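Let me begin by presenting the structure, written as C-alpha cells, before commenting on it.
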Amino acid sequence: MLKKHKTLGEFIIENQSAFQYTSGELSKLINAIRLAAKVVNHEVNKAGLVDILGAAGDMNIQGENQQKLDVMANDIFIQTLKNREIVCGIASEEEDDFITINSSDDNHQNKYVVLIDPLDGSSNIDVNVSVGTIFSIYRRVTPVGTPVELRDFLQKGDEQVAAGYIVYGTSTMLVYSTGAGVNGFTLNPALGTFYLSHPDMKFPESGKIYSINEGNYVHFLQGVKDYIKYCQEEDEDRPYTSRYIGSLVSDFHRNMIKGGIYMYPKSNIAENGKLRLLYECNPMAYLAEQANGIASDGFRRILDIEPTELHQRVPFFCGSKNMVEKLHECIAKHA
Ligand code: P6P
C-alpha cells in the first residue's frame with residue numbers, strides 16, 4: 001500500500017486553526033504562492049529551451065517578447081497575489097517602490113503585505129544551476145481602509161506572520177513556516193501537486209559545511225577570516241567542507257538538511273553585505289529560528305533589526321546553532 005503523503009492543500013486546512021488570525025486568510029495567501037510557484041517552475045524549467053528556440057531574436061516560441069526570467073517571475077507573483085482579496089501591498093527586489101493593491105470594493109480592506117525576491121540567484125539560470133523564490137508576510141500596521149504605507153513594509157523580522165521559499169532544484173520544493181515549525185513540500189510535476197515530504201525541518205545543532213564566497217576573503221573582517229581558518233584547520237571534527245552554490249535558497253536548504261553555516265559578510269566592496277534585509281535575510285532568518293537555527297549580522301539577531309529602507313542590505317550569517325555561535329566568538333575577539 002503506497003504511503004499517502006499529505007498534500008499542501010490538506011496540510012493548510014489542517015493547520016488553519018493554528019494560525020492566530022482569522023481562519024482562511026493564510027490559506028488564500030499560501031494558495032496564491034503555491035499557484036505562482038507552479039507557474040514560475042514551468043518557466044524556469046524550460047528557460048534553456050526557450051533560449052535556444054528564441055535565439056532567432058528576442059521573440060520566444062510563443063511569439064511573446066522574451067522577458068528576463070526574474071522579471072517574469074516578479075510579474076507572475078504580483079499578478080497571482082493581486083487576484084486574492086487579502087494583500088494590500090507588495091514589495092519586491094524587482095520593484096523600486098512598493099506596490100499598493102486596493103480591494104475590489106475600493107476600500108483598501110486587505111490586511112497583509114508580502115515582500116518577495118521573485119527569483120533569487122537568477123544569474124544561475126544561464127548555467128543551469130538551481131534558483132529560488134523567497135517570500136515574507138506581515139499584517140499591515142496602518143489602519144485597514146486606508147492605502148498601504150511604507151511603514152507597513154519596514155517592520156522588524158520578528159513581526160512576520162509567515163515566510164518561506166521555493167527552491168527550483170533537481171526537484172521543486174516549497175518550504176514555509178507560519179510560526180509553528182518549518183515544513184517542506186515537494187512538487188510532483190506530473191500532477192501539479194505539492195506533497196509533504198519534509199515535515200518539521202530542523203537545523204542540526206552542529207554541521208560540517210560552510211558556505212561563503214572565499215573570493216572576497218581579503219576584504220572580510222578579521223573575525224570572519226579567523227572563522228574560515230577554524231573551519232579549514234586539522235582537528236577531530238575538521239576540516240569542514242566548503243560548499244557554495246551562489247544561490248542563497250539552495251545553500252540554506254542544503255545546510256538546513258545536513259547542518260551548516262551560510263555567510264555573506266560585509267566587505268570593502270559590499271559595505272553592508274549584499275543580501276537584502278526585508279525579502280532575503282528576514283524570511284530566511286525566520287525559517288532558521290523556526291528550525292532551531294540562528295541568523296545574525298555578526299552582532300545582532302536579524303529579526304531584531306529595525307528596517308530603515310525597503311532595499312537595505314545587511315551582513316548575513318545563518319545556520320546551525322553551534323557553528324554560528326563559534327563565528328560570533330571569532331568576531332567578538334576583534335570587536
Ligand atoms: P556572490 C544571488 O545573487 C545572491 O543574492 C544569493 O542567492 C547568493 O548566495 C549570493 O547572491 C551570491 O553572491 O557575490 O557570492 O556571487
Side-chain angles (χ1 to χ4, degrees), residues 37 40 44 47 68-74 77 91-95 115-136 157 163-170 172-175 203 207 209-221 224-225 227-228 231 241-258 260-288 293 295-298 302 309-320 323-324 327:
V40 171
V44 164
K68 277 170 62 66
L69 263 178
D70 40 13
V71 173
M72 186 187 294
N74 187 54
F77 273 94
S92 167
E93 178 168 76
E94 298 297 329
E95 304 286 340
L115 299 95
I116 51 169
D117 182 355
L119 208 60
D120 180 68
S122 51
S123 57
N124 284 327
I125 286 267
D126 309 338
V127 293
N128 208 8
V129 169
S130 60
V131 292
T133 297
I134 308 172
F135 61 90
S136 169
Y165 58 81
I166 296 106
V167 52
Y168 309 98
T170 42
T172 294
M173 281 191 69
L174 170 59
V175 177
F203 267 99
I209 296 171
Y210 69 100
S211 308
I212 188 168
N213 183 341
E214 295 188 56
N216 301 323
Y217 179 85
V218 296
H219 300 298
F220 293 153
L221 291 175
V224 175
K225 289 179 179 175
Y227 180 69
I228 291 171
C231 293
T241 294
S242 173
R243 283 282 182 280
Y244 190 68
I245 298 171
S247 179
L248 166 62
V249 170
S250 302
D251 280 315
F252 180 98
H253 187 75
R254 181 207 51 245
N255 290 348
M256 181 157 61
I257 292 170
K258 296 195 164 189
I261 181 171
Y262 173 94
M263 298 174 273
Y264 207 102
K266 69 180 181 181
S267 67
N268 305 25
I269 43 177
E271 59 181 289
N272 290 312
K274 175 183 182 184
L275 301 186
R276 312 286 189 167
L277 172 61
L278 291 184
Y279 40 79
E280 289 175 327
C281 301
N282 271 341
M284 300 313 270
Y286 179 85
L287 291 172
S296 83
D297 68 353
I302 290 289
E309 292 162 32
L310 212 47
H311 300 289
Q312 78 184 79
R313 301 174 195 266
V314 291
F316 188 59
F317 304 97
C318 175
S320 293
M323 298 181 86
V324 179
L327 167 71

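The shown structure was predicted, so the numbers you read here are calculated from the model rather than taken from an experiment. Atoms within each ligand, like the ligands themselves, are counted from 1 in listed order.
Take R313 and apply the salt bridge (Lys or Arg N to Asp or Glu O under 4.0 Å) test, not counting sequence neighbours, and it matches no residue. In this structure D120 satisfies the salt bridge (Lys or Arg N to Asp or Glu O under 4.0 Å) test with no other residue, sequence neighbours excluded.
Under a 3.5 Å cut-off, the side chain of D251 and the backbone N or O of I245 do form a donor-acceptor pair.
Using a 3.5 Å distance cut-off with no hydrogens or angles, the side chains of N255 and S211 do pair a donor with an acceptor.
Each of D120, G121, N213, Y244, G246, S247, L248, Y262, Y264, K274, L275, E280 has a non-hydrogen atom positioned under 4.0 Å from some atom of ligand 1.
Y168 is not listed as a side-chain neighbour of S130, based on a closest heavy-atom distance of 4.5 Å or more.
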Please tabulate, for side-chain N and O atoms in residues 270-288, each donor-acceptor pair with protein atoms closer than 3.5 Å (sequence neighbours left out).
residue	atom	partner	partner atom	Å
R276	NH1	H311	O	2.8
Y279	OH	H311	ND1	2.5
E280	OE1	R276	N	2.7
Y286	OH	G179	N	2.9

